[in-house]
Amino acid sequence: MDEQQLNLSLREIKIPAIRYFPEIGSTNDVALEWAKEGAPEFSLVIADSQTAGRGRLNRNWVTNRGEGLAFSLVLRPKLNEKIPLFSALGGISVCEAIIQTLHLPAMIKWPNDILVHEKKVCGILAEGHWEGAPSVVLGIGINVGKGSIPESEPLNFPATTLETELDHPMDRVKILREVLKHLVQWRECMATYEFFTYWKEHLAFFGKVVQVTLVRKNVQGILKGINEEGNLQIQKDDGTTIVVEMGDVQLRPIP
Ligand code: BT5
């Protein structure tokens, strides 16, 4: 991967500027700084490896050199466009690109992961900056090569890679191009009926009994869907439905 190849491959997509790094701390950090300096919508930061890749809640995200995709887009939110919907924008776009290009059964695990065969292949981190001209940085990490999964640490969810699922080598830039193509298209109809329908239809564990880990406690119940704010709806055993704004979902562990 290099800047010239990226510029060439992405020339047909509405990307105004690209910053490529062989190695960087976190592409989200670079994009947040660039956004403050006025980077236009769809400015792209991409790195071959990250030394301080971030997940949610200060967790880490590993991007090994030559294996995964790690990139961040600067987006300019309109009034009323809230952060959870940007995570969904990323999720829907990655999901659709994987399904259409690779014919793998990708699903969106609320709020920000893409699963293939119930294993995590992609994580998404949307972060906002509201001073001055508001911006949202949408960071996406995709496990492409078999060496993308960190070996040295336990993972919070089982992981896989695209190459593991398809058992052949893959062109990372081609996958990037497909994701960006879908992202530019979905950006036009964010939060529409079509957007929510696609999200709901590809929601992992829909109708299944799940456990949601919240900051201080766990909640169990049937995953019923998402509301218009992008929050998760869980029906508890007593029949009441609760709305979850932040948490980690997994199938209910077998006792
Ligand atoms: C995420 O957080 O899944 C969001 C990851 C976002 C990464 C992108 S890469 C480009 C941009 N720049 C950044 O700095 N970040 C974004 P979360 O749901 O909190 O999951 C984090 C957890 O996933 C970690 O605690 C590990 O257990 C696990 N993990 C770390 N690296 C992984 C990998 N490559 N594949 C699968 N799981 C991983």
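All ligand and atom numbering here is 1-based and tracks the order in the structure. Values reported hereafter were calculated over all heavy atoms of this structure, with side chains retained and with hydrogens, waters and symmetry mates removed.
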Discussion item. Within ligand 1, which atoms have a heavy atom of Ala159 less than 4.0 Å away?
Written reply: 36 (C)

Practice prompt. Please report which non-hydrogen protein atom sits nearest to atom 20 (O) of ligand 1, along with the residue it belongs to and the distance in Å to one decimal place.
Written response: Lys120 NZ, 3.2 Å

Worksheet item: For the atom pair CD1 (Ile18) and CD (Gln4), what is the distance rounded to the nearest 0.5 Å?
Response: 12.0 Å

Fill in: Thr161, Asn156, Asn143, Val30: member with heavy atom nearest to atom 35 (N) of ligand 1
Asn143

Fill in: Atom pair CG/CE of Leu214 and Met246 - distance to nearest 0.5 Å
10.0 Å

Worksheet item: Using a heavy-atom cut-off of under 4.0 Å, does the side chain or the backbone of Phe71 touch ligand 1, or both, or neither?
Response: backbone

Worksheet item: Applying ring-ring contact (aromatic ring centres under 6.0 Å, His included), which residue pairs with at least one partner in residues 166-195 are found, sequence neighbours left out?
Response: Trp186-Tyr198

Practice prompt. Locate the shortest heavy-atom distance separating Val249 from Phe205; write the atom from each residue and the value.
Written response: CG1-CD1, 3.9 Å

Fill in: For Gly53, atoms of ligand 1 separated by under 4.0 Å from a heavy atom
14 (O)

Fill in: Contacting atoms of ligand 1, where contact means under 4.0 angstrom from a heavy atom of Asp113
3 (O), 18 (O)

Worksheet item: Can you list the ligand 1 atoms lying under 4.0 Å from a non-hydrogen atom of Arg54?
Response: 5 (C), 6 (C), 7 (C), 13 (C), 14 (O), 15 (N), 16 (C)

Fill in: Stepwise salt bridge (charged side-chain N to carboxylate O under 4.0 Å, His left out) check, Lys82 with Glu229
CA-CA 8 Å; Lys82 303 235 171 72; Glu229 262 89 55; 5.2 Å; no

Practice prompt. Take Lys109 and Asp248 through the test salt bridge (charged side-chain N to carboxylate O under 4.0 Å, His left out) and record every step on the way to the result.
Written response: CA-CA 9 Å; Lys109 180 167 87 75; Asp248 287 300; 5.0 Å; no

Item to complete: Report, in ascending order of atom number, the atoms of ligand 1 lying under 4.0 Å from any heavy atom of Gly141.
Response: 8 (C), 9 (S)

Worksheet item: Of all the non-hydrogen atoms in the protein, which one sits nearest to atom 31 (N) of ligand 1, and at what distance?
Response: Val62 N, 3.0 Å

Discussion item. Suppose we screen for ring pair (Phe, Tyr, Trp, His ring centres under 6.0 Å). Which residues come up paired with Phe42, at least two apart in sequence or across chains?
Written reply: none

Fill in: Identity and distance of the protein heavy atom lying nearest atom 19 (O) of ligand 1
Arg59 NE, 2.7 Å

Discussion item. Closer than 4.0 Å to some heavy atom of Ser148 - which atoms of ligand 1 meet that?
Written reply: 34 (N)

Worksheet item: At under 4.0 Å between heavy atoms, which part of Asn60 makes contact with ligand 1: side chain, backbone, both or neither?
Response: both

Worksheet item: Is there a donor-acceptor pair closer than 3.5 Å between any side-chain N or O of Arg172 and the backbone N or O of Gly68?
Response: yes

Worksheet item: With a cut-off of 6.0 Å (strictly less than), are more than 12 heavy atoms of other residues, nucleotides or ligands near CG of Asn58?
Response: no

Worksheet item: Between Lys146 and Asp167, is the closest basic N to carboxylate O distance under 4.0 Å?
Response: yes

Practice prompt. May I ask you to identify the nearest protein heavy atom to atom 9 (S) of ligand 1, giving residue, atom name and distance to one decimal place in Å?
Written response: Gln50 NE2, 3.4 Å

Item to complete: Walk me through it: do Ile124 and Cys122 pass the test side chain to side chain contact (heavy atoms under 4.5 Å, CB included)?
Response: CA-CA 7 Å; Ile124 294 168; Cys122 163; 3.9 Å; yes

Worksheet item: Considering only heavy atoms of Ser26, which atoms of ligand 1 have at least one such atom less than 4.0 Å away?
Response: 12 (N), 13 (C), 14 (O)

Worksheet item: For atom 29 (N) of ligand 1, which protein heavy atom lies nearest, and how many Å away is it?
Response: Leu155 CD2, 3.7 Å

Worksheet entry | Gln100 atom CD: more than 12 heavy-atom contacts under 6.0 Å | yes

Fill in: Residue part near ligand 1, for Ile140, under 4.0 Å between non-hydrogen atoms
backbone

Response to the item:
So for Ser72 against ligand 1, with non-hydrogen atoms under 4.0 Å, the contacting part is side chain

Worksheet item: In terms of atom number and element, which parts of ligand 1 are under 4.0 angstrom from non-hydrogen atoms of Thr27?
Response: 10 (C), 11 (C), 12 (N)

Response to the item:
The option among Asn112, Leu32, Leu125 carrying the non-hydrogen atom nearest to atom 1 (C) of ligand 1 is Asn112

Item to complete: Identify the protein heavy atom lying closest to atom 37 (N) of ligand 1, giving its residue, its atom name and the separation to 0.1 Å.
Response: Trp61 CZ3, 3.7 Å

